[in-house]
Participant: 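Quick one: the structure is below, questions incoming.
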Amino acid sequence: MVGLGWLLLCTLVAIFAYPLMPDGTHNGNFQVSALSKQPPGTAYLLMLKPNQVQQAPPGWFGFLGSGNPDNFTPTAISAAESLQVHADTILYVDLHGKQQTTLLPAWVIALEKEGEWPTKWKQMNGKPYLLNNQPGTPATVTIRGVGSDGNTSVQLASLQAKFENQLVAKGHFWLGSDAAGRDVLSRLILGTRVSLGIGLMAVLVSLLLGVTLGALAGFFRGKVDAVIMWFVSVVWSIPTLLLAISLAFVMGKGTWQLFLAIGISSWVDVARLVRGQIFSIREMQFVEATKALGYRWPRTIFRHILPNVLSPLIIIAAANFASAILMEAGLSFLGVGVQPPTPSWGSMIKEGYAQIMFDSGIWLAIFPGLAIILVVISLNLVGFGLRDALDPKQKG
C-alpha cells in the first residue's frame with residue numbers, strides 16, 4: 001500500500017507538473033547563468049527584462065500541457081536593499097558587488113500592448129523618450145514618434161509600479177540549481193512526467209507485441225509456434241539494453257522513438273508468459289465449447305482465453321514498468337534518450353554525475369537518483385502485492 005500510495009502521488013505530480021513547478025516555463029528551462037550550481041535552499045532576487053518579442057500566454061489546459069513561454073531575460077541582484085528606482089533610472093548591485101545602472105522604460109516598455117512602442121524603442125538610437133519631471137506635476141515619460149499625435153505620455157509612477165509588481169521576482173532554489181542556473185526542483189517534477197510517461201508507453205507497446213505473438217503461438221502451435229518462438233529466441237539472445245540502443249539510433253533521438261525502442265526490446269517475457277498460459281488454457285472445456293459454437297479464433301483468443309491470463313499479465317507489466325523506467329534513465333544518461341532541454345531523471349543524473357565526488361553540485365545527481373530508486377521500489381512492491389493477491393495458491 002505504501003508503494004501504491006507513492007505511485008499515485010507521482011502520477012498526480014506528473015499530471016499537474018507545471019502548476020506545481022516553481023519555474024513554470026516550458027521544460028523548466030528558465031536559465032539564470034549567474035546562479036549556476038547553487039546549493040539547496042539558496043534564495044535569489046531577479047530583475048526580469050521582457051524580451052522584444054512577447055509570446056502570448058496559453059490557456060489553462062495549454063499551461064497544464066506545456067507551461068508558459070519564456071518571455072524574460074533575468075538579471076541576478078545581490079540583495080533587495082541594492083535595488084532602487086530613481087525617476088527613469090534603475091540602480092542595483094550585481095552578484096560581483098558592482099553597482100549597475102539601467103533605464104526603467106527599457107525594461108517596462110515591452111509589457112505594453114501597443115506594438116509601436118517596442119518597435120520604436122528598437123529602431124531609434126539613444127533614448128526614444130523625454131522625461132518630464134517638473135516640481136508640482138506628476139512625472140511623465142513621453143515616448144517619441146508613437147501614437148496618432150506623434151507622442152504618447154505615460155506617468156512615471158505607472159512604469160515604476162509595473163516594474164516592481166511584474167519584473168522583480170524572488171524565490172528559493174529548494175533543491176539547488178544546475179550548471180545552467182535552472183531550478184532542479186522544477187526539472188525533477190517535470191522529469192516525473194517524462195519518465196513515467198515513457199515507461200507507461202513502453203509497457204503498452206511491449207504488451208501489444210508480447211500478447212499478440214504469444215497468443216498466436218500458444219493457440220495455433222505447430223509451425224506458427226515454431227516460427228514465433230524462433231523469432232523470440234533471436235530477440236532473447238540480444239542484450240535488452242544493446243537492442244534498445246540500436247533501435248534508438250536507427251529510429252532517431254526523441255521521446256516517441258525512445259518508448260518504441262524500449263517497448264520493442266522488452267516484449268519477449270510477455271510473449272513467453274502468454275504462450276505458456278494459453279498452452280494449458282486451450283485444452284479446457286470452455287475453449288472446446290467456443291469451437292463447437294463456431295466462434296472464429298480471434299474471438300476465442302481475445303474474449304475467452306486472454307481474460308484468464310490477466311493476473312500474471314498485470315504482475316509482469318508492473319515489473320516491466322520498473323525495468324522501462326530504469327532503461328529510459330540509462331539511455332538518457334548515455335545521450336540516446338530524451339534530448340535537452342526536455343528534463344528526464346536519467347539526463348539530470350548525466351548532468352550531475354561528474355560532481356558526485358565534489359561538494360559543489362553533488363545534489364545534481366542525488367535527487368534524480370533518489371526519485372528513480374523510490375519509483376522502482378514502489379513498482380516492485382506493487383508487483384509483489386499483486387502477485388500475492390492474485391495467486392490462487394496464496395489464498396488457500
Participant: Is it true that the NZ or CZ of Arg221 lies under 6.0 Å from the centre of Phe279's six-membered ring and within 45 degrees of the ring axis?
Facilitator: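 Yes, Arg221 sits over the ring of Phe279.
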Participant: Working to the nearest 0.5 angstrom, can you tell me the gap between Leu95 CG and Ile77 CD1?
Facilitator: 9.0 Å
Participant: Would you say Asn71's side chain and Gln55's backbone share a donor-acceptor pair under 3.5 angstrom?
Facilitator: yes
Participant: Would the distance check show the side chain of Ser33 and the main-chain N or O of Ala180 forming a donor-acceptor pair, the cut-off being under 3.5 Å?
Facilitator: no
Participant: side-chain contact (heavy atoms from CB on, under 4.5 Å) for Ile90 and Leu103? Distances and angles first, verdict last.
Facilitator: CA-CA 6 Å; Ile90 303 173; Leu103 297 176; over 6 Å; no
Participant: First locate atom CD1 of Ile316, then atom CG of Asn320, and finally report the distance between them rounded to the nearest 0.5 Å.
Facilitator: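 Result: 5.0 Å between the selected atoms.
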Participant: Quick one: does Gln160's side chain have a donor or acceptor within less than 3.5 Å of a partner on Ala87's backbone?
Facilitator: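 Looks like yes, one N/O pair under 3.5 Å.
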Participant: Are Leu331 and Ile262 close enough that some pair of their side-chain heavy atoms sits under 4.5 Å apart?
Facilitator: yes
Participant: Any idea how His26 and Tyr18 line up, ring-wise: parallel (<30°), tilted (30 to 60°), or perpendicular (>60°)?
Facilitator: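 Parallel: the ring planes of His26 and Tyr18 meet at under 30°.
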Participant: Does this structure show an ion pair linking Glu351 with Lys37, if we count only N-O contacts that are shorter than 4.0 Å?
Facilitator: no
Participant: Using the six-membered ring wherever Trp is involved, compare the ring planes of His172 and Trp174 and label them parallel, tilted or perpendicular (cut-offs 30° and 60°).
Facilitator: parallel
Participant: Could you state the interatomic distance from CD1 (Ile372) to CD1 (Ile349), rounded to the nearest 0.5 Å?
Facilitator: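 So the gap between those two atoms works out to 3.5 Å.
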Participant: Heavy atoms, side chains only, cut-off 4.5 Å: are Leu204 and Met201 in contact?
Facilitator: yes
Participant: Could you check whether any side-chain heavy atom of Pro74 comes within less than 4.5 Å of a side-chain heavy atom of Tyr44, counting everything from C-beta outward?
Facilitator: no
Participant: Charged N to carboxylate O under 4.0 angstrom, Asp23 versus Arg187?
Facilitator: no
Participant: Taking the side chain as every heavy atom from C-beta outward, state whether Thr89 and Thr102 have any atom pair closer than 4.5 Å.
Facilitator: no
Participant: Give me the atom names and distance for the closest heavy-atom approach of Cys10 to Val375.
Facilitator: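 Heavy atoms only, the tightest pair is SG-CG2, 4.0 Å.
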Participant: Whether the side chain of Thr42 engages the backbone of Gln38 through a donor-acceptor N/O pair (distance < 3.5 Å, no angle test) should be reported.
Facilitator: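 Side chain of Thr42 to backbone of Gln38, a donor-acceptor pair under 3.5 Å: no, none is there.
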Participant: Are the side chain of Asn27 and the backbone N or O of Asn29 linked by a donor-acceptor pair below 3.5 Å?
Facilitator: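 Answer holds: no.
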Participant: So, Arg193 side chain and Ala14 main chain: donor-acceptor pair closer than 3.5 Å or not?
Facilitator: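 Yes; at least one donor-acceptor contact below 3.5 Å.
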Participant: Might you point out which heavy atoms bring Val274 and Leu313 nearest each other, and give the distance in Å?
Facilitator: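 The answer is CG2-CD2, 3.9 Å.
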Participant: Working to the nearest 0.5 angstrom, can you tell me the gap between Thr75 OG1 and Leu48 CG?
Facilitator: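 Nearest 0.5 Å value for the OG1-CG distance: 8.5 Å.
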Participant: Would you name the heavy atoms of Asp183 and Gly176 that are closest together and state the gap between them?
Facilitator: OD1-O, 3.8 Å
Participant: Start with the C-alpha distance between Phe249 and Val336, add both sets of side-chain angles, then the distance that settles side-chain contact (heavy atoms from CB on, under 4.5 Å), and finish with yes or no.
Facilitator: CA-CA 7 Å; Phe249 273 117; Val336 295; 3.4 Å; yes
Participant: Using side-chain heavy atoms (C-beta onward) and a distance below 4.5 Å, is Val168 in contact with Leu83?
Facilitator: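 SC-SC contact between Val168 and Leu83 confirmed.
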Participant: Please answer: with hydrophobic residues joined when any side-chain heavy atoms are less than 4.5 Å apart, are Met251 and Val235 in the same cluster?
Facilitator: yes
Participant: Quick check: closest heavy atoms across Leu190 and Gly28, and the distance to 0.1 Å?
Facilitator: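 Looking at all heavy atoms of both residues, the closest pair is CD2-N, 4.2 Å.
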Participant: Could you check whether any side-chain heavy atom of Pro69 comes within less than 4.5 Å of a side-chain heavy atom of Pro58, counting everything from C-beta outward?
Facilitator: yes
Participant: Please tell me whether Leu196 and Leu4 are part of a single hydrophobic cluster in this structure, the criterion being side-chain heavy atoms less than 4.5 Å apart.
Facilitator: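 Leu196 clusters together with Leu4.
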Participant: So, Gln100 versus Asp94: side-chain donor-acceptor pair below 3.5 Å or not?
Facilitator: yes
Participant: Is the Trp267 to Phe231 ring centre distance short of 6.0 Å?
Facilitator: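 Ring centroids of Trp267 and Phe231 are less than 6.0 Å from each other.
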Participant: Hey, does the side chain of Thr192 reach the backbone of Ile189 with a donor-acceptor pair shorter than 3.5 angstrom?
Facilitator: yes
Participant: Answer yes or no: does atom CZ of Phe302 have more than 12 heavy-atom neighbours from other residues, nucleotides or ligands under 6.0 Å?
Facilitator: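 Yes.
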Participant: Within the side chain of Trp107, is there an N or O that forms a donor-acceptor pair under 3.5 Å with the backbone of Leu167?
Facilitator: no
Participant: Show your working on side-chain contact (heavy atoms from CB on, under 4.5 Å) between Thr300 and Phe219 and close with a plain yes or no.
Facilitator: CA-CA 10 Å; Thr300 301; Phe219 185 80; 3.9 Å; yes
Participant: Within this structure, what is the CD1-OG distance for the pair Ile238 and Ser246, rounded to the nearest 0.5 Å?
Facilitator: 7.5 Å
Participant: Taking all heavy atoms of Lys350 and all of Ser332, pick out the closest pair and write down the distance.
Facilitator: CD-O, 4.1 Å
Participant: When you measure from the side chain of Thr342 to the backbone of Val338, do you find a donor-acceptor pair of N or O atoms at a distance under 3.5 Å?
Facilitator: no
Participant: Between Phe30 and Thr25, which heavy-atom pair has the shortest distance, and what is it?
Facilitator: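 Here Phe30 and Thr25 meet closest at N-OG1, 3.4 Å.
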Participant: Side chains of Thr73 and Asn51: any donor to acceptor distance under 3.5 Å?
Facilitator: yes
Participant: Roughly how far, to the nearest 0.5 Å, is CE of Met47 from OH of Tyr92?
Facilitator: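 Between Tyr92 OH and Met47 CE, I get 4.5 Å after rounding to 0.5 Å.
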Participant: Do side-chain atoms of Gln99 reach the backbone of Gly97 as a donor and acceptor pair under 3.5 angstrom?
Facilitator: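 Side chain of Gln99 to backbone of Gly97, a donor-acceptor pair under 3.5 Å: no, none is there.
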Participant: For the side-chain hydrogen bond (donor to acceptor under 3.5 Å, both in side chains) test, which of Ser344, Ser347, Ser323 pairs with Glu328?
Facilitator: Ser344
Participant: Sort out for me which residue in Leu374, Leu381, Ile377, Val382 forms a side chain to side chain contact (heavy atoms under 4.5 Å, CB included) with Trp6.
Facilitator: Leu374
Participant: If hydrophobic clusters are built from ILVMFWY residues whose side chains come within less than 4.5 Å, do Phe163 and Leu91 share one?
Facilitator: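 No, separate clusters.
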Participant: Determine, stepwise, if the pair Asp225 / Phe220 fulfils side-chain contact (heavy atoms from CB on, under 4.5 Å).
Facilitator: CA-CA 7 Å; Asp225 180 43; Phe220 288 105; over 6 Å; no
Participant: Are Val227 and Trp236 linked, directly or through intermediate hydrophobic residues, by side-chain heavy-atom contacts shorter than 4.5 Å (ILVMFWY only)?
Facilitator: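 Looking at the clustering, Val227 is in a separate group from Trp236.
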Participant: Within the structure provided, determine whether Pro341 and Arg182 are in side-chain contact (heavy-atom separation under 4.5 Å).
Facilitator: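 Pro341 vs Arg182: side chains touch.
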Participant: A side-chain contact here means heavy atoms from C-beta on lying under 4.5 Å apart; do Phe173 and Val184 qualify?
Facilitator: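 The answer is no; the side chains never approach within 4.5 Å.
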Participant: Tell me whether Leu213 is reachable from Trp230 by hopping between hydrophobic residues (I, L, V, M, F, W, Y) whose side-chain heavy atoms are closer than 4.5 Å.
Facilitator: yes
